[in-house]
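Remember, it's a predicted structure, so these values are computed and weren't measured experimentally. This chain uses plain numbering: 1 for the first residue, then up along the sequence. Values below: all heavy atoms of this structure, side chains included; hydrogens, waters and symmetry mates excluded.
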Amino acid sequence: MKQMLSILQTRIGFTLKNSNHKKLEQFNRASFMLALPLILFFGINFGLAQDDNKDKDRYKPFNTGGHLKNMHIWHGFVVHPGAMFATHLEYNSKNEKFTLGVWGGAGFTTTDVIHKDSGQNVRANYKEVSIYALYRLSDRFFAEAVSHNNYTGVEERGDKLNYWSYDKTQGYNFVDINFGYNVTPNTLLYLATIIGGGSGDYEIQPDGSLKNSWTHYFEVKARCGKLTITNYPYLPVVHGPS
C-alpha cells in the first residue's frame, strides 16, 4: 500500500513537474475558473447568514424607558403643570408592524381638585396609566388605539375609584383612535379622535339623557436636523351624533 501511494505521488509530481509552462498555465486558469463560482457562492451565503444572525441579534421584543418632564402636555392640553416622571414598557413584533405598550406617569408636585360635596380645593398627586396598541399598515401609515386612565384626584374629589370604568360622567378613563401618515421621513401628519369613555365630551339633552360628543385633534410634526417643530393647535371641540 505504501509502495502504491509512493508511486502515485511520484506520478502526480512527475506529471506536474514535467508539464510544460503553457499546459501548467491552462491548468491553473481552469482551476481558478472552477473555484471562483464556489468561492463566490459560499462567500455570499456566508454574508447572508451573518446578516441574518445580525437581524436576529438586533431584534428585541420588549423595550422600556423613562424620563423626567417639567410638565405633561397631551394634544395641546396641559394634563399636569408640574414636574413628573414618565415610563413605558412595550412589546414590538419582529416584523415591526405591531406594538402593544403601557405608559405610566406620576407627579412630584400636586394639583388642585374640587371636592364635589364641600366645593373646596383639595391637593392631589398626578397619576396616570395608559395602554396603547399600534399597527403599521405600511412604512408611512399607522393606526393606534389608546386607553387613557388618569386617576388624579378621583378619590380626593369624593368619587369612588373604579380602575376600568368608562362611564361618561366620571371623566378619567377614555379611549381615542389615532391615525398617522409620514408625508416624508421627517414630516408626520397625526389625527386623533376620542370615541368613548369618561372624557367629559357629552351634551345633556332636554330630557336629561347624555349625548356623546367627538373631540378631534390634528397635529403636524416636522424635524429639521436636530430641531423638532410641533404644531399644537387649540382646536374647538367638534360635536357630532353619538
**Student:** Between Tyr190 and Phe142, is any pair of side-chain heavy atoms under 4.5 Å apart?
**Tutor:**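 Side chain of Tyr190 against side chain of Phe142, heavy atoms only: contact under 4.5 Å found.
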**Student:** How about CD on Gln205, more than 12 heavy atoms from neighbouring residues, nucleotides or ligands closer than 6.0 Å, or not?
**Tutor:**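 Yes, the 6.0 Å shell around CD holds more than 12 heavy atoms from other groups.
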**Student:** Does Asn92 reach the main-chain N or O of Phe62 with its side chain, forming a donor-acceptor pair under 3.5 Å?
**Tutor:**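 A pair under 3.5 Å: no.
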**Student:** To the nearest 0.5 Å, how far apart are CD1 in Ile131 and CG in Asn149?
**Tutor:**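 CG of Asn149 is found 6.0 Å from CD1 of Ile131.
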**Student:** With a 4.5 Å heavy-atom cut-off, do Val175 and Val146 have their side chains touching?
**Tutor:**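 When only atoms from C-beta onward are counted, Val146 and Val175 do not touch, as no gap falls below 4.5 Å.
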**Student:** Are there over 12 heavy-atom neighbours, none belonging to Asp139, within less than 6.0 Å of that residue's CG?
**Tutor:**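 12 or below, so no.
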**Student:** Answer yes or no: is there a donor N or O on one side and an acceptor on the other, between the side chain of Tyr59 and the main chain of Asn95, under 3.5 Å?
**Tutor:**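 Pair absent, no side-chain N/O of Tyr59 close to backbone of Asn95.
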**Student:** Would you sort out whether Thr109 and His80 count as a side chain to side chain donor-acceptor pair (under 3.5 Å), showing the intermediate values?
**Tutor:** CA-CA 9 Å; Thr109 59; His80 182 64; 3.2 Å; yes
**Student:** A side-chain contact here means heavy atoms from C-beta on lying under 4.5 Å apart; do Thr193 and Asp176 qualify?
**Tutor:**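 Answer no - side chains too far apart.
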**Student:** Under the salt bridge (charged side-chain N to carboxylate O under 4.0 Å, His left out) rule, collect the residues that match up with Arg123, sequence neighbours excluded.
**Tutor:**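 Listed in chain order: Asp112.
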**Student:** Counting heavy atoms not belonging to Ile114, are there more than 12 under 6.0 Å from its CD1?
**Tutor:**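 Counting neighbours around CD1 of Ile114, 12 or fewer heavy atoms of other residues, nucleotides or ligands fall under 6.0 Å, so no.
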**Student:** NE2 of His148 to CH2 of Trp74: how many Å apart, nearest 0.5 Å?
**Tutor:**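 Answer rounded to 0.5 Å: 4.5 Å.
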**Student:** If you draw a 6.0 Å radius around CD1 in Ile204, do more than 12 non-hydrogen atoms from other residues or ligands fall strictly inside?
**Tutor:**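 Counting other residues, nucleotides and ligands, CD1 of Ile204 stays at 12 neighbours or fewer.
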**Student:** Looking at side-chain heavy atoms only, is the closest gap between Glu90 and Tyr132 below 4.5 Å?
**Tutor:**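 A side-chain contact exists here, since the closest heavy-atom pair is under 4.5 Å.
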**Student:** Quick one, Val129 with Val102, criterion side chain to side chain contact (heavy atoms under 4.5 Å, CB included). Give me CA distance, side-chain angles, the key distance, then yes/no.
**Tutor:** CA-CA 7 Å; Val129 177; Val102 178; 3.9 Å; yes
**Student:** State which residues pass salt bridge (charged side-chain N to carboxylate O under 4.0 Å, His left out) with Asp159; sequence neighbours excluded, sorted by chain then number.
**Tutor:**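 For Asp159, the residues satisfying salt bridge (charged side-chain N to carboxylate O under 4.0 Å, His left out) (neighbours in sequence not counted) are Lys116, Arg157.
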**Student:** Tell me, please, which residues at least two apart from Glu156 pass side-chain hydrogen bond (donor to acceptor under 3.5 Å, both in side chains).
**Tutor:**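 By the side-chain hydrogen bond (donor to acceptor under 3.5 Å, both in side chains) rule, Glu156 matches no residue at all.
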**Student:** Mind checking whether Phe141 and Tyr181 have parallel, tilted or perpendicular rings, split at 30° and 60°?
**Tutor:**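 The rings of Phe141 and Tyr181 sit tilted, inter-plane angle from 30° to 60°.
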**Student:** Measure the shortest side-chain to side-chain distance between Phe77 and Tyr217 over non-hydrogen atoms and say whether it is less than 4.5 angstrom.
**Tutor:**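 Phe77 vs Tyr217: side chains apart.
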**Student:** Verify the distance criterion only: is there a donor paired with an acceptor across the side chains of Asn121 and His115 at less than 3.5 Å?
**Tutor:**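 There is no such pair between these side chains.
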**Student:** Please examine the side chains of Tyr126 and Thr110, heavy atoms only from C-beta on, and report whether any two atoms are closer than 4.5 Å.
**Tutor:**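 No, side chains not in contact.
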**Student:** Has Asn150 got a side-chain atom pairing as donor or acceptor with Glu128's backbone, closer than 3.5 angstrom?
**Tutor:**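 Side chain of Asn150 to backbone of Glu128, a donor-acceptor pair under 3.5 Å: no, none is there.
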**Student:** Contact between Thr64 and Thr87 at the side-chain level, heavy atoms closer than 4.5 Å - yes or no?
**Tutor:**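 Side chain of Thr64 against side chain of Thr87, heavy atoms only: contact under 4.5 Å found.
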**Student:** To the nearest 0.5 Å, what is the distance between OG1 (Thr215) and CD1 (Ile194)?
**Tutor:**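 Rounded to the nearest 0.5 Å, the OG1-CD1 separation comes out at 4.5 Å.
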**Student:** Arg136: what forms a salt bridge (charged side-chain N to carboxylate O under 4.0 Å, His left out) with it, not counting sequence neighbours?
**Tutor:**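 Result, salt bridge (charged side-chain N to carboxylate O under 4.0 Å, His left out) vs Arg136: none returned.
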**Student:** Using a 3.5 Å distance criterion without hydrogens, assess whether the side chain of Thr152 forms a donor-acceptor pair with backbone atoms of Lys127.
**Tutor:**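 Looks like yes, one N/O pair under 3.5 Å.
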**Student:** The test is ring pair (Phe, Tyr, Trp, His ring centres under 6.0 Å); show your working for Trp103 and His67 and say whether it passes.
**Tutor:** CA-CA 12 Å; Trp103 183 94; His67 56 279; 7.7 Å; no
**Student:** Which ILVMFWY residues can you reach from Val122 by hopping between side chains whose heavy atoms are under 4.5 Å apart?
**Tutor:**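 In the cluster with Val122 are Val113.
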**Student:** Under a single-linkage rule joining Ile, Leu, Val, Met, Phe, Trp and Tyr whose side-chain heavy atoms are separated by less than 4.5 Å, which residues share a cluster with Leu68?
**Tutor:**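 Joined to Leu68, directly or through intermediates: Phe85, Phe108.
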**Student:** For the residue pair Ser147 and Tyr166, establish whether any side-chain heavy-atom pair is separated by less than 4.5 Å.
**Tutor:**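 In short, these two side chains touch, coming nearer than 4.5 Å.
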**Student:** Leu161 vs Tyr172, test: side chain to side chain contact (heavy atoms under 4.5 Å, CB included). Steps then yes/no.
**Tutor:** CA-CA 10 Å; Leu161 179 59; Tyr172 58 89; 4.1 Å; yes
**Student:** Phe179 and Leu137: side chain to side chain contact (heavy atoms under 4.5 Å, CB included), yes or no, with the steps?
**Tutor:** CA-CA 11 Å; Phe179 299 96; Leu137 288 86; over 6 Å; no
**Student:** Measuring from Arg223:CZ to Asn186:CG, what's the distance to the nearest 0.5 Å?
**Tutor:**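 Taking CZ in Arg223 and CG in Asn186, the distance rounds to 6.5 Å.
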**Student:** When you measure from the side chain of Asp207 to the backbone of Ser209, do you find a donor-acceptor pair of N or O atoms at a distance under 3.5 Å?
**Tutor:**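 Such a contact is found between Asp207 side chain and Ser209 backbone.
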